[in-house]
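One structure below.
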Amino acid sequence: YRDTKKYQEALEYLKSNSDKTTGYRFYAVANRMIEEKVQPEIAMKIALLGVERNRGDVEHPEGDKPKYYSDNEWKEERGYILALNLRALGKLQYDAGKKTEAEKSLREAAQLTKGKEPAVNELYARVLIDLGNNKIAIEELEKNIKDGNGTTELKNLLKEAYTSDKGSD
């Protein structure tokens, strides 16, 4: 459905088969819709389903742990997929003007990825700055950059947050 851009059908399929598809599939469909800037209402429903499905995987995993994962690695992998779905949801919330909701989704995504996912870090910082939470944005950005997860965009956002908070760079 995704490749033929039948997103309503994709939503119905994911609703009916959420336990039969991978948690990543929800993110893949929602993210493609975000990139193509199509049907944000349906994308939001898919992202919400993805968060719900993946939160369940994190809290109550089904199936056997792969032998090549430690218990902690297996939990982190499931958390990472949840974080991707939260990032998609946060982006859709942000684009819909729901910045406070986006901040909550993205905060959780940033915690789950431990600051190692640039797309999450950048969007989370953008939302914090837009909400006027410059001090928190500065702390998060400095931590990401110090930990070696800085991008040009994160550095620009740090400058923007600092300037907004202090009045000059």
Side-chain angles (χ1 to χ4, degrees), residues 1-63 74-134 136-137 139-141 143-144 147 149 151 153-154 156-157 160-161:
Y1 296 114
R2 185 187 77 160
D3 291 339
T4 58
K5 300 182 183 184
K6 295 180 178 177
Y7 295 118
Q8 182 63 45
E9 289 89 340
L11 171 62
E12 296 307 320
Y13 176 83
L14 290 169
K15 274 185 192 176
S16 300
N17 297 283
S18 68
D19 58 335
K20 296 176 187 143
T21 187
T22 66
Y24 184 80
R25 178 67 52 207
F26 297 87
Y27 165 73
V29 174
N31 194 56
R32 182 168 186 174
M33 294 175 75
I34 291 166
E35 289 172 355
E36 293 176 356
K37 297 178 173 38
V38 295
Q39 300 177 331
E41 305 81 21
I42 293 174
M44 181 89 70
K45 290 176 183 177
I46 292 171
L48 283 164
L49 275 174
V51 168
E52 179 183 320
R53 159 67 159 55
N54 286 284
R55 191 175 306 287
D57 282 352
V58 170
E59 294 170 0
H60 307 288
E62 292 186 15
W74 192 41
K75 185 173 184 175
E76 283 184 8
E77 175 67 19
R78 293 188 324 271
Y80 181 78
I81 302 299
L82 171 58
L84 292 177
N85 280 274
L86 284 162
R87 191 255 177 218
L89 178 60
K91 173 70 172 139
L92 290 158
Q93 291 166 327
Y94 178 76
D95 289 349
K98 299 176 180 179
K99 294 178 184 175
T100 302
E101 291 176 31
E103 188 274 334
K104 290 176 186 168
S105 297
L106 295 164
R107 179 180 351 116
E108 184 179 359
Q111 290 167 346
L112 287 165
T113 60
K114 299 179 180 162
K116 294 180 183 173
E117 184 60 43
V120 171
N121 300 341
E122 291 169 6
L123 185 55
Y124 181 42
R126 169 85 276 143
V127 171
L128 287 169
I129 293 167
D130 286 0
L131 289 171
N133 296 334
N134 295 305
I136 297 169
E139 289 172 20
E140 290 291 322
L141 289 162
K143 185 177 79 132
N144 290 330
D147 290 346
N149 299 312
T151 63
E153 180 62 18
L154 284 180
N156 291 337
L157 287 165
E160 182 181 340

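By convention here, the first residue in the shown sequence is residue 1. Please read these numbers as outputs of a predicted model, since none were measured by experiment.
Under the side-chain contact (heavy atoms from CB on, under 4.5 Å) test applied with Y24, the options V29, N54, L84 reduce to a single match, L84.
Inter-residue side-chain proximity for L92 and I34 is flagged as met; some heavy-atom pair is nearer than 4.5 Å. The shortest side-chain heavy-atom distance between Q93 and K104 does not fall under the 4.5 Å cut-off. Here the side chains of Y94 and S105 are not in contact, with every heavy-atom distance at 4.5 Å or above. The closest side-chain heavy-atom distance from R55 to L86 is below 4.5 Å. The shortest distance between side-chain heavy atoms of I129 and L157 falls below 4.5 Å. Contact of the L112 side chain with the L82 side chain is registered, since non-hydrogen atoms from C-beta on lie closer than 4.5 Å. Within the 4.5 Å cutoff, the side chain of R87 has no heavy atoms near those of the Y124 side chain.
For N149, the side chain to side chain donor-acceptor pair (under 3.5 Å) criterion is met by no residue, not counting sequence neighbours.
We find that R126 and E160 are joined by a salt bridge, their nearest charged nitrogen and carboxylate oxygen being less than 4.0 Å apart.
Separation of atoms CG (L154) and CD (E140) is listed at 10.5 Å; rounding is to 0.5 Å.
Within 6.0 Å of CD on E12 lie more than 12 heavy atoms contributed by other residues, nucleotides or ligands.
Proximity of a side-chain donor or acceptor of R53 to a complementary backbone N or O of T21 within less than 3.5 Å is detected.
At a cut-off of 3.5 Å, with distance as the only test, a side-chain donor of Y7 or E36 sits close to an acceptor on the other residue. Checked by atom type, the side-chain pair N31/E35 shows a donor-acceptor distance below 3.5 Å.
Sorted by first and then second residue, the side chain to side chain donor-acceptor pair (under 3.5 Å) pairs involving residues 77-86 (not counting sequence neighbours) are Y80-E117.
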